[in-house]
2 protein chains.
Amino acid sequence: MIKKSFPVESDTETINIDQQVYEQIKRAIFDHRLPPGTKLTEEKLSDLFAVSRERIRKVLQRLSYDKCVSLKPNRGAYVAQPSVQEARDVFATRGLIESHIVELVVQNATEADYAHLEQNIAREYAAHQQGRLNEAIALSGEFHLLLAEISRNIVLLDILRDLVARSSLIIAMYGRQSFSLCGYEDHQVFLKRLKTRQVQQAKKLMQEHLRTLEAQLYFEARSARDIDLTEVFKPKA
Amino acid sequence: MIKKSFPVESDTETINIDQQVYEQIKRAIFDHRLPPGTKLTEEKLSDLFAVSRERIRKVLQRLSYDKCVSLKPNRGAYVAQPSVQEARDVFATRGLIESHIVELVVQNATEADYAHLEQNIAREYAAHQQGRLNEAIALSGEFHLLLAEISRNIVLLDILRDLVARSSLIIAMYGRQSFSLCGYEDHQVFLKRLKTRQVQQAKKLMQEHLRTLEAQLYFEARSARDIDLTEVFKPKA
DNA sequence: ATGCTTGACATTGTGCACAATTAATTTTAG
DNA sequence: CTAAAATTAATTGTGCACAATGTCAAGCAT
């Protein structure tokens, strides 16, 4: 017990630094503070967070696995610019997976689970009323993840975590200013159907919910400065 | 043009080294040459492949994202030991996703696509007949991925790639010696249904196919040495 | 004999310095 | 004045050395 000077401090803080930097950058991307295409220079980030460059490097690599940043060899890291195709595929896949999650939830949900869902909705409502929009958005995403947790399928949860994150980025890229998101009312009605075990209606609601989200994107009228020239002039495809 | 001594050599080879090491390790895991739980020491691997330790480190990290190795802080890397729960979830998720892929394939497949599928089956058959079992297994997995490609949904393809890889690991862990895998006949019959646009039958075949796979695993009668104590004694489950 | 502390060893983790690559700018020849 | 070539600058990539951490075994006390 003599050797270790401050075990708690060195241990926990060191472990969390990676995670903290990771989450801060991710949050910044989802809050539109870092629009798609923004260059993420390793040195600038390392200065900004007061950590070493290799730590940033590791975080950026992790973010690239999440498809939140694209890593171009010897060119650096950029906030990802999901293609229209990718955007459509993400939402289509969410429809498939979340419909199935709804079935599993109706099968498996306990009273405690429903309580958690209600709590989440309440917090989302509060955040909405008090104008904390970013928090409301985050909670809205968490509602979907909460359902995945209740489905008791770890793999589906992992996949959906990924898809929800990418959805945020897609909305940042293609969403209008007046993007309404999941209304919390949607979640409220949905939960009611869930509790009364109306599986088919719940599934339908979920699919509509996602379709509404997707319908609010505008894939066509992109301003010139947003266009990725590489995408436009690439040889084939 | 004078400065660059051998641009092609340095470029392509350097880029591929990571990929090559990655694939060799992954292949070794799937071919049962590295059983689940095997310790993967950074230094040994770097000596073995004659590359630097940091390169190995990066590859191991990537493999941990694929859930093929588990990285324990300050303890090293081990070939992953998927839990029974995870195994079940992987197959359940494959059922969901691949059923949907079947629908998309019937909608989108061109003649060229069907030709590719037939080619794959032929090669799988040949590998089987000539006793190249590992190759047959790989081709069998590729058949499923080929379907995902034809579905024209990039996200589904990515997810399935992941799940197929994890399936290999699960089979390595829980499969009997006499594991029969996807018989190539299954694929043959399946393709016939596909071509005649018999969607429901094709979907049913796919689901049966996966269920057969899963049924050949034995989760119960594990020998004592295989039991993961962490799993047994974990606080709440 | 059992349990705890201590020290040596092995392995992983991190920061730094330098190499390699690419983009931008300037130079130079036609 | 234009265009190709060469230089320069900025940024990423890699290997090395050292620090931190965890494991194992031996010794000591109970």
Side-chain angles (χ1 to χ4, degrees), chain A residues 1-22 25 34 37-65 68-80 228-230 233-234, chain B residues 1-22 25 34 37-65 68-80 228-230:
Chain A
M1 295 298 179
I2 301 158
K3 270 197 168 177
K4 293 186 179 183
S5 49
F6 292 109
V8 181
E9 178 183 344
S10 68
D11 267 18
T12 52
E13 291 202 11
T14 311
I15 290 173
N16 287 352
I17 283 179
D18 289 54
Q19 191 68 17
Q20 278 179 5
V21 172
Y22 170 79
I25 295 178
L34 288 174
T38 307
K39 167 132 207 214
L40 301 173
T41 309
E42 292 181 356
E43 204 180 344
K44 284 182 187 170
L45 290 172
S46 67
D47 287 352
L48 200 59
F49 290 105
V51 300
S52 69
R53 196 162 66 83
E54 359 287 293
R55 214 179 272 274
I56 295 291
R57 165 176 285 269
K58 214 169 73 178
V59 169
L60 288 176
Q61 207 156 301
R62 186 168 159 203
L63 284 165
S64 89
Y65 281 111
C68 290
V69 317
S70 65
L71 241 45
K72 302 180 187 178
N74 294 315
R75 296 290 325 279
Y78 299 80
V79 178
D228 181 7
L229 296 181
T230 317
F233 295 113
K234 71 181 176 184
Chain B
M1 295 300 174
I2 301 158
K3 271 196 168 176
K4 293 186 178 182
S5 48
F6 292 108
V8 181
E9 179 183 343
S10 69
D11 269 18
T12 53
E13 290 202 11
T14 310
I15 290 171
N16 287 352
I17 282 179
D18 289 54
Q19 190 69 18
Q20 278 178 5
V21 172
Y22 170 80
I25 295 178
L34 289 174
T38 306
K39 168 136 206 206
L40 300 173
T41 309
E42 292 181 358
E43 205 181 343
K44 284 182 187 171
L45 289 172
S46 68
D47 286 352
L48 201 59
F49 289 105
V51 298
S52 70
R53 196 163 67 82
E54 3 285 293
R55 214 179 270 276
I56 294 292
R57 165 176 286 268
K58 214 169 74 177
V59 169
L60 288 176
Q61 207 156 303
R62 185 167 159 205
L63 284 165
S64 88
Y65 281 110
C68 290
V69 317
S70 65
L71 240 46
K72 303 181 185 177
N74 294 316
R75 297 287 324 280
Y78 298 81
V79 177
D228 180 10
L229 296 181
T230 317

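Reminder, nothing fancy here: chain letters follow the sequence lines and each chain counts from 1. Atoms considered below: every heavy atom in the structure, side chains included; atoms not considered: hydrogens, waters and symmetry mates.
Counting to the nearest Å, the P atom of D:dG13 and the CG atom of B:Asp18 are 11 Å from each other. Between the CZ atom of A:Arg57 and the C1' atom of C:dT14 there is a distance of 14 Å, given to the nearest Å. For the pair A:Ile56 CD1 and D:dG13 P, the interatomic distance rounds to 14 Å; values are reported in whole Å. Atom CD of B:Gln61 is separated from atom C1' of C:dT12 by 12 Å (rounded to the nearest Å). The separation between B:Glu42 atom CD and C:dT14 atom C1' is 12 Å, rounded to whole Å. A:Leu60 has its CG atom 13 Å from the C1' atom of D:dG13, to the nearest Å. The CG atom of A:Leu45 sits 12 Å away from the P atom of D:dT11 (whole-angstrom rounding). Protein atom CG of B:Leu71 is 15 Å distant from nucleotide atom C1' of D:dG22, rounded to whole Å.
In this structure, A:Lys39 does not reach the D:dT11 phosphate: none of its side-chain N or O atoms is under 4.0 Å from OP1 or OP2. Between A:Lys44 and D:dT11 there is no side-chain polar atom (N or O) within less than 4.0 angstrom of OP1 or OP2.
Across B:Leu63 and B:Ile25, no two heavy atoms sit closer than the pair CD1-CG2, 3.7 Å. Taking both residues in full, the closest heavy atoms of B:Ala77 and B:Leu71 are given as CB-CD1, 3.4 Å, listed atom of the first, atom of the second, then distance. Of all heavy-atom pairs spanning A:Val79 and A:Leu34, the tightest one is CG1-O, 4.0 Å.
Checked against C:dT11, D:dT12, C:dT14, the side chain of A:Thr41 finds its nearest nucleotide in D:dT12. Counting only heavy atoms from C-beta on, A:Lys58 has its side chain closest to C:dT14 among D:dG22, C:dA23, C:dT14.
Shown here are the side chain to side chain donor-acceptor pair (under 3.5 Å) partners of B:Tyr22, two or more places apart in sequence or in another chain: B:Lys26, B:Asp66. With sequence neighbours left out, the side chain to side chain contact (heavy atoms under 4.5 Å, CB included) criterion links B:Tyr65 to A:Arg62, A:Tyr65, B:Gln61. With sequence neighbours left out, A:Glu54 forms a side chain to side chain contact (heavy atoms under 4.5 Å, CB included) with A:Ser52.
Taken from OG in A:Ser64 to NZ in A:Lys72, the straight-line distance is 13.0 Å, to the nearest 0.5 Å.
Residue order along DNA chain C, read from the 5' end via each residue's closest nucleotide, puts B:Ala77 first among B:Ala77 and A:Arg75.
Identified under the salt bridge (Lys or Arg N to Asp or Glu O under 4.0 Å) test for residues 37-51 of chain B, with sequence neighbours left out: B:Glu42-B:Arg53, B:Glu42-B:Arg57.
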Provide a list of protein-nucleic acid N or O atom pairs under 3.5 angstrom, restricted to nucleotides 15-17 of chain C.
residue, atom, partner, partner atom, Å
C:dG15, OP2, A:Ser52, OG, 2.5
C:dC16, N4, A:Glu54, OE1, 2.5

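Stem analysis of DNA chain D (at least three stacked-register Watson-Crick or G-U pairs, each with both distances under 3.5 Å) gives C:1-30 with D:1-30.
Within the 4.5 Å cutoff, no side-chain heavy atoms of B:Val59 are placed close to those of B:Leu45.
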